[in-house]
Number of protein chains: 2
Amino acid sequence: MKRRTLFTTGLGGVLAAATAGHAAADVDPMRGTGDLGLVIERAAGRVAVIETTTATRLFAVDGLGDLSHASAVFSRDGRFGYVFGRDGGLSKVDLLRGRLVARIIQGGNSIGGAISQDGRVIAVSNYEPGGVKLFDAADLSLLSEIAAIGADGARSKVVGLVDAPDGKLVFALYDAGEIWTADIDDPRAPVVQRYRDVGRLPYDGMITPDGRHYVAGLFGEDGVALLDLWKPEAGVRRILDGYGRGEEPLPVYKMPHLEGWASVGDLGFVPAVGRHEVLVVSMTEWREVSRIPVHGQPIFAVARPDGRQVWVNFAHPRNDVVQVIDVPTRSVIATLQPGRAVLHLEFTPRGERVWLSVRDADRVDVYDTRRLARVGSLSVDKPSGIFFTARAGRVGY
Amino acid sequence: MKRRTLFTTGLGGVLAAATAGHAAADVDPMRGTGDLGLVIERAAGRVAVIETTTATRLFAVDGLGDLSHASAVFSRDGRFGYVFGRDGGLSKVDLLRGRLVARIIQGGNSIGGAISQDGRVIAVSNYEPGGVKLFDAADLSLLSEIAAIGADGARSKVVGLVDAPDGKLVFALYDAGEIWTADIDDPRAPVVQRYRDVGRLPYDGMITPDGRHYVAGLFGEDGVALLDLWKPEAGVRRILDGYGRGEEPLPVYKMPHLEGWASVGDLGFVPAVGRHEVLVVSMTEWREVSRIPVHGQPIFAVARPDGRQVWVNFAHPRNDVVQVIDVPTRSVIATLQPGRAVLHLEFTPRGERVWLSVRDADRVDVYDTRRLARVGSLSVDKPSGIFFTARAGRVGY
């Protein structure tokens with residue numbers, strides 16, 4: 001089945017996009033990869049290969065398994081995407097040919113992955129059986145495994161896996177309440193540094209865009225664990241003690257993703273837990289400095305690349321709305337209503353556009369971030385995560 | 001003539017690089033562009049197309065004219081490089097095919113250019129006859145010209161041209177002592193905002209990586225002019241009044257480039273004028289906070305992408321050395337001696353490597369930034385500027 005839909009772009013042209021079909025017939029495989037990306041089609045186990053210059057779909061690539069909570073990273077040349085599926089699947093997609101070139105089931109249940117600073121290693125964190133596995137980025141052959149056995153002697157679920165400068169990985173042990181760094185300069189023999197007793201049940205982690213600070217959210221208690229990678233000898237300390245305070249514990253899957261913390265200079269814009277607020281946090285003093293009332297429970301707060309705006313989406317049932325925070329005034333300047341179930345958003349590398357997944361409308365919408373207006377749309381089957389190749393050049397994805 | 005040279009890379013392999021030759025025979029044109037770049041071969045009027053994954057030269061592209069002080073920007077897909085030559089030449093290079101695809105002489109004498117946020121427009125600033133010209137990025141056809149006539153009624157040389165968020169350009173009028181912003185949303189009808197009396201003879205300008213602050217160095221007096229693009233109504237103010245104070249005026253060509261200011265969080269690492277020091281400047285309070293003694297008169301101070309290190313090169317005759325500043329301790333931790341005339345340096349996007357032009361040795365050296373050791377080298381004829389495609393996704397180049 002192949003439908004075609006007309007839409008207009010901000011460039012003033014009228015473009016045709018292949019929607020639910022497979023390879024577009026006229027894609028020139030000799031093209032740059034800096035404007036490419038992947039959109040997860042969760043229900044279909046498929047990804048759409050898109051390009052952002054004229055906002056078109058180039059290919060659909062099938063057979064990627066269970067893509068709920070799927071995420072993607074990219075090879076350093078931008079040609080290949082690595083997709084991490086919930087079913088433990090790791091898939092390598094050729095964005096230029098629109099083909100699945102390798103796929104393995106590497107674990108029973110996984111929640112994310114990372115690519116090493118040098119691009120040679122794909123790391124996957126697993127719920128079942130726990131631990132982190134390292135794969136060769138070329139052929140997905142297994143290089144080594146970090147078992148993630150905590151101080152209690154038991155194997156732990158691993159969450160919040162990110163790459164860090166100087167050839168490192170950082171991740172959190174959910175069951176053990178630990179944060180580990182791994183030097184993977186020799187990926188067959190990772191060198192692990194363990195930080196014990198960081199707090200109960202870290203459920204997610206993120207690293208600041210400069211690769212310096214790793215923070216892990218705690219499901220088992222209020223507050224957040226912080227590791228300063230410039231001062232590892234100082235160990236992990238607790239910050240934002242009020243984070244989550246006074247709230248009923250939420251199911252883990254309703255906790256805001258920490259990858260949804262926006263950094264703007266030395267400020268973080270952080271979804272509150274269980275509240276209709278975005279917290280503004282000083283990332284030098286690591287304390288809350290103000291709160292911004294918003295439309296619902298925020299899920300992602302994502303900064304435009306220049307930091308002038310933060311775009312926020314929300315949890316069900318208020319997930320038909322996106323709000324735009326103006327950073328200088330710390331106030332909401334626009335409330336947009338793209339449609340039901342806005343699940344994810346991704347800015348073009350220099351921030352002139354933002355792409356939004358509107359799952360229940362089977363659409364990805366493209367907004368002009370200056371005019372805060374929709375300038376294009378693509379038909380995509382139940383879209384969720386959107387990932388652009390510019391991530392290949394950045395730390396912490 | 002085609003020589004081949006063996007060298008080892010940090011990946012442990014031994015690679016062969018075509019050196020002064022032209023297209024390498026075995027380059028697959030279907031490849032990603034995220035790891036490509038250009039090296040200016042100044043004397044030969046040529047650029048080398050390189051890739052950073054295995055540190056090889058892919059092509060040599062001739063016929064680019066006078067490339068002294070040349071710089072380059074990239075199309076948003078990473079396929080094309082636009083090279084600005086001193087002779088007013090604007091050349092478009094296809095990095096995948098290793099070919100010059102368009103070239104015009106757009107002015108009599110130019111010093112730099114920029115690509116618009118949306119990638120549609122190439123802007124060039126001219127000394128002769130002054131002003132800024134806007135070209136279509138597809139075919140280099142002229143779209144419009146900004147004449148840059150100052151309050152004195154005379155046409156001015158234009159310097160320090162950069163792109164900025166929300167579809168803008170920013171530049172300085174050398175003769176008129178003004179800073180202008182231009183909204184080029186309609187590139188055939190730019191909308192200009194003028195800031196008069198910013199100080200005598202601005203000789204260069206730069207924008208902070210977040211695209212918020214534009215600073216222009218002043219040749220005619222001490223201090224620096226600052227425009228906060230988030231508060232344009234506040235106008236231009238003078239900062240760092242001591243910058244250049246007490247020094248004999250230097251020839252313009254010996255003034256440190258402002259593009260050589262490194263931003264690390266809210267600190268700037270700034271080459272002092274006429275002194276063997278790097279200044280550390282608070283970029284929130286815009287005042288000097290400390291000085292770091294270095295080997296010579298610094299030219300470029302470039303931050304590793306994660307901000308943990310700043311690498312510094314120096315003016316003749318002390319230009320055989322590069323020093324590495326450790327940002328946490330603000331001290332020099334390494335003094336490297338690559339060879340005579342280290343003219344430029346460029347980090348890979350995630351910072352694991354830095355490439356250095358060693359002009360008098362006809363070499364580009366590749367350093368591991370963690371071990372501060374050379375891990376590879378390419379033979380390049382009189383290399384100067386090095387530019388990687390990751391610039392396409394960043395503001396202010």
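For A:I115, the parts sitting under 4.5 Å from any heavy atom of chain B are the backbone and the side chain alike. Looking at A:P305, neither its backbone nor its side chain comes within 4.5 Å of chain B, counting heavy atoms on both sides. Interface residue A:A392: only backbone heavy atoms are found under 4.5 Å from chain B. Contacts of A:T52 with chain B are made by both backbone and side-chain atoms, with heavy-atom separations under 4.5 Å. In this structure, chain B has no heavy atom under 4.5 Å from any part of A:L36. Proximity to chain B (any heavy atom under 4.5 Å) is restricted, for A:S116, to the backbone atoms N, CA, C and O.
B:D306 places none of its side-chain heavy atoms less than 4.5 Å from the side chain of A:Q117. For the pair B:R371/A:D185, a side-chain contact is recorded, criterion being any heavy-atom separation below 4.5 Å from C-beta on. Using a 4.5 Å heavy-atom cutoff, the side chains of B:R212 and A:R308 are not in contact. Residues B:R31 and A:D77 are in side-chain contact: their nearest non-hydrogen atoms beyond the backbone lie under 4.5 Å apart.
Between B:R304 and A:P165, the closest heavy-atom pair is NH2-CB, 4.2 Å. In plain terms, the two heavy atoms of A:R350 and B:D163 that are nearest each other are NH2-OD2, 2.9 Å. Closest approach of B:G307 to A:W230, counting heavy atoms only: O-CH2, 3.4 Å.
Interface remark: of the candidates A:P349, A:S75, A:G78, A:P349 forms the most heavy-atom pairs closer than 4.5 Å to chain B. Heavy-atom pairs under 4.5 Å with chain A were tallied for B:T389, B:D183, B:V395; the largest tally goes to B:D183.
Ion pair B:R76/A:E352 flagged as a salt bridge, since at least one NZ, NE, NH1 or NH2 atom sits closer than 4.0 Å to an Asp/Glu carboxylate oxygen. By the 4.0 Å N-to-carboxylate-O rule, B:R370 lies too far from A:D118 to be salt-bridged with it.
Distance check: A:R394 CZ to B:R394 CZ gives 6.5 Å after rounding to the nearest 0.5 Å.
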